[in-house]
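Okay, structure first, notes after.
This is a predicted model, so every value here is computed, not measured.
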Number of protein chains: 2
Amino acid sequence: MTNDLMSIRQMCDAFEVTPRTLRFYEAKELLFPQRDGTRRLFTRRDRARLTLILRGKRFGFSLEDIRQILDLYDRDGSNHAQTIRTYELAQQRLAQMEAQHAELGVAITELKSELDAGGAMIAGLRRAAE
Amino acid sequence: MTNDLMSIRQMCDAFEVTPRTLRFYEAKELLFPQRDGTRRLFTRRDRARLTLILRGKRFGFSLEDIRQILDLYDRDGSNHAQTIRTYELAQQRLAQMEAQHAELGVAITELKSELDAGGAMIAGLRRAAE
DNA sequence: AGAGTGCTTGACGTTAACGTAAATGTAACG
DNA sequence: CGTTACATTTACGTTAACGTCAAGCACTCT
C-alpha cells in the first residue's frame with residue numbers, strides 16, 4: 001500500500017516531476033515536507049497539494065495563483081467568502097481561457113485560409129522582399 | 001500621401017509599437033532602416049516587413065522563425081525549394097496551434113465541469129487543506 | 001576504510017521580447 | 001545662445017519555472 005511518507009524520489013516517480021521541481025515548490029511555499037534529519041519526507045497532504053498544483057497548471061494557473069488559492073483554504077477551509085473568491089478566480093481564469101481559445105481559433109482560420117489560397121503570407125513575403 | 005520614408009515616431013504611430021520595439025527588430029535583423037545622419041528612416045520595404053512580422057506574431061511565430069522566413073525570400077524570392085520550406089514551417093506551426101487549441105478546449109471543459117459540479121477543484125482544495 | 005548512491009543547499013544560467021534608465025546628440029524655435 | 005523635443009547608444013532589468021552545476025553530508029555495502 002501507499003506508505004504515508006514518501007522520499008523525494010518516490011514523489012518524482014509517482015508524479016513525473018524532477019527533484020528540482022519539488023524543492024522549488026517547497027521554496028515557493030506550495031509544499032511543506034517533513035524532515036528526517038536533512039531529508040525531505042512528503043506526506044499525504046503534500047501529495048494532495050501536488051495533485052492540485054499540477055491540475056492547476058494544466059488549467060493555466062500560475063504557481064502564484066495556485067499558492068494563493070491553497071493558502072486561502074489553509075487559513076480557513078470553512079470560510080464561505082474565501083470559497084467565493086476562489087470561485088471568482090476560477091471563473092476569471094476560465095474567461096481568459098475561452099478568450100484565448102477563440103483567438104487561437106481565429107488565427108488558425110486565418111493561417112489556414114492563407115495556406116489554402118496558395119500562401120498569401122508567402123505572397124506577402126515575396127512582396128516584402130521586393 | 002504616404003511618404004516613402006518615415007521617422008521612428010511615424011512608424012510607431014502607424015503600427016502601434018514602441019521605438020524600442022523597432023530598434024529591437026533592427027538589432028535582430030528583421031528591419032533595415034536607412035539613416036539620415038544618426039536617425040533612422042524606415043522605407044516602404046521596412047513597412048512591408050513589419051506588417052509581416054506583426055502578422056507572424058499573431059500567428060504565434062517567434063521572431064526568430066519570422067526572421068528565417070523573411071531571409072529565405074531575401075536571398076531568392078523565386079527559389080521553389082525555399083517556398084516549400086516556408087510552407088512546411090507554416091504547416092508545422094498550424095499543427096502546433098491546432099493541438100494547443102484542442103488542449104485548451106479540453107482544459108476549459110474540465111474546468112467548467114468542475115465549476116458546474118460545485119467545484120471539484122475547490123472540494124479538492126478543501127481535502128488538501130484537511 | 002573506501003566506494004557508491006542519493007540527498008542537501010547554494011547559486012548562477014536559461015528563454016523571449018522587449019522595458020527602462022542614463023548619458024549624450026542634434027535640430028528647430030524664439 | 002538657451003531651451004525644448006525627440007533621437008541615439010549602451011546596458012542592465014524583468015518574468016516564470018525550473019535547469020544545471022558545485023561542493024559536501026549521510027548511509028550502506030564490501
Side-chain angles (χ1 to χ4, degrees), chain A residues 3 5-43 46 49-70 89 93 96-97 100 103 107, chain B residues 3 5-43 46 49-70 89 93 96-97 100 103 107:
Chain A
N3 196 335
L5 296 178
M6 286 170 66
S7 74
I8 198 168
R9 181 108 307 275
Q10 291 176 315
M11 287 292 282
C12 291
D13 292 344
F15 290 90
E16 297 189 90
V17 295
T18 68
R20 180 69 177 94
T21 298
L22 295 177
R23 295 189 191 113
F24 182 75
Y25 289 169
E26 182 183 1
K28 290 285 175 183
E29 305 195 357
L30 288 159
L31 297 177
F32 309 93
Q34 298 176 7
R35 293 301 175 115
D36 167 24
T38 169
R39 294 179 182 175
R40 288 171 178 76
L41 287 179
F42 294 83
T43 66
D46 288 313
R49 290 177 73 98
L50 182 53
T51 297
L52 289 164
I53 291 166
L54 298 178
R55 182 186 298 177
K57 285 198 62 181
R58 286 211 322 281
F59 291 160
F61 287 96
S62 70
L63 291 181
E64 177 55 22
D65 281 346
I66 295 171
R67 192 190 59 74
Q68 285 181 32
I69 295 176
L70 250 28
L89 223 171
R93 180 61 200 150
Q96 280 176 30
M97 288 165 68
Q100 198 180 329
E103 274 183 58
Chain B
N3 197 335
L5 296 178
M6 287 170 65
S7 73
I8 199 169
R9 182 109 305 277
Q10 291 176 316
M11 287 292 283
C12 291
D13 292 345
F15 291 90
E16 297 189 87
V17 295
T18 68
R20 179 68 177 97
T21 297
L22 295 178
R23 295 189 190 113
F24 182 75
Y25 290 169
E26 183 182 0
K28 290 287 177 183
E29 305 194 2
L30 288 159
L31 298 177
F32 309 93
Q34 297 175 6
R35 294 301 176 114
D36 168 25
T38 170
R39 294 180 180 173
R40 288 170 179 78
L41 287 179
F42 295 84
T43 66
D46 289 313
R49 291 178 73 98
L50 183 53
T51 299
L52 289 165
I53 291 166
L54 298 178
R55 182 186 299 174
K57 286 198 60 181
R58 287 211 321 280
F59 291 160
F61 286 96
S62 70
L63 291 182
E64 177 55 20
D65 281 346
I66 295 170
R67 192 189 59 74
Q68 285 181 31
I69 295 175
L70 250 27
L89 222 171
R93 180 61 201 151
Q96 282 176 29
M97 286 166 70
Q100 197 181 332
E103 276 183 57

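In the helix from C:dA1-D:dT30 to C:dG30-D:dC1, the end axes, each obtained as the rotation axis mapping the C1' atoms of four pairs onto the next four within a five-pair block, lie 30° apart to the nearest 10 degrees.
Every salt bridge (Lys or Arg N to Asp or Glu O under 4.0 Å) that A:Arg58 has, sequence neighbours left out, goes to B:Glu110. B:Arg20 meets the salt bridge (Lys or Arg N to Asp or Glu O under 4.0 Å) test with no other residue; sequence neighbours excluded. Annotation: side-chain contact (heavy atoms from CB on, under 4.5 Å) contacts of B:Arg39 (sequence neighbours excluded): none.
A side-chain donor-acceptor contact under 3.5 Å links A:Asp46 to the backbone of A:Thr43.
Closest approach of B:Thr18 to B:Cys12, counting heavy atoms only: C-SG, 3.5 Å.
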Task: Pair B:Leu70-B:Glu29, side chain to side chain contact (heavy atoms under 4.5 Å, CB included): steps then yes or no - done: CA-CA 10 Å; B:Leu70 250 27; B:Glu29 305 194 2; over 6 Å; no

Open item on the list: side chain to side chain contact (heavy atoms under 4.5 Å, CB included), that's the test. Do B:Leu50 and B:Met11 meet it? Break it down for me.
Closed with: CA-CA 10 Å; B:Leu50 183 53; B:Met11 287 292 283; 3.8 Å; yes

- [ ] Report, as a single string ordered 5' to 3', how protein heavy atoms within less than 4.0 Å touch nucleotides 14-21 of chain D: B base, S sugar-phosphate only, - not at all.
- [x] ---BBBB-

Any N/O pairs under 3.5 Å between the protein and nucleotides 5-9 of chain C? List them or say none.
{"from": "C:dT8", "atom 1": "OP1", "to": "A:Arg40", "atom 2": "N", "distance (Å)": "2.8"}
{"from": "C:dT8", "atom 1": "OP1", "to": "A:Arg40", "atom 2": "NH1", "distance (Å)": "3.0"}
{"from": "C:dT8", "atom 1": "OP2", "to": "A:Arg23", "atom 2": "NE", "distance (Å)": "3.4"}
{"from": "C:dT8", "atom 1": "OP2", "to": "A:Arg23", "atom 2": "NH2", "distance (Å)": "2.9"}
{"from": "C:dT8", "atom 1": "O5'", "to": "A:Arg40", "atom 2": "NH1", "distance (Å)": "3.3"}
{"from": "C:dT9", "atom 1": "OP1", "to": "A:Arg35", "atom 2": "NH1", "distance (Å)": "3.1"}
{"from": "C:dT9", "atom 1": "OP1", "to": "A:Arg35", "atom 2": "NH2", "distance (Å)": "3.1"}
{"from": "C:dT9", "atom 1": "OP1", "to": "A:Arg40", "atom 2": "NH2", "distance (Å)": "3.4"}
{"from": "C:dT9", "atom 1": "OP2", "to": "A:Arg40", "atom 2": "NH1", "distance (Å)": "2.8"}
{"from": "C:dT9", "atom 1": "OP2", "to": "A:Arg40", "atom 2": "NH2", "distance (Å)": "2.5"}

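The existence of a salt bridge linking B:Arg67 and B:Glu64 is confirmed by a sub-4.0 Å separation between a basic side-chain nitrogen and an acidic carboxylate oxygen.
Side chains of A:Leu22 and A:Phe42 form a contact here, defined as non-hydrogen atoms less than 4.5 Å apart. Taking 4.5 Å as the limit, every side-chain heavy atom of A:Ile69 sits out of range of all side-chain heavy atoms of A:Leu52.
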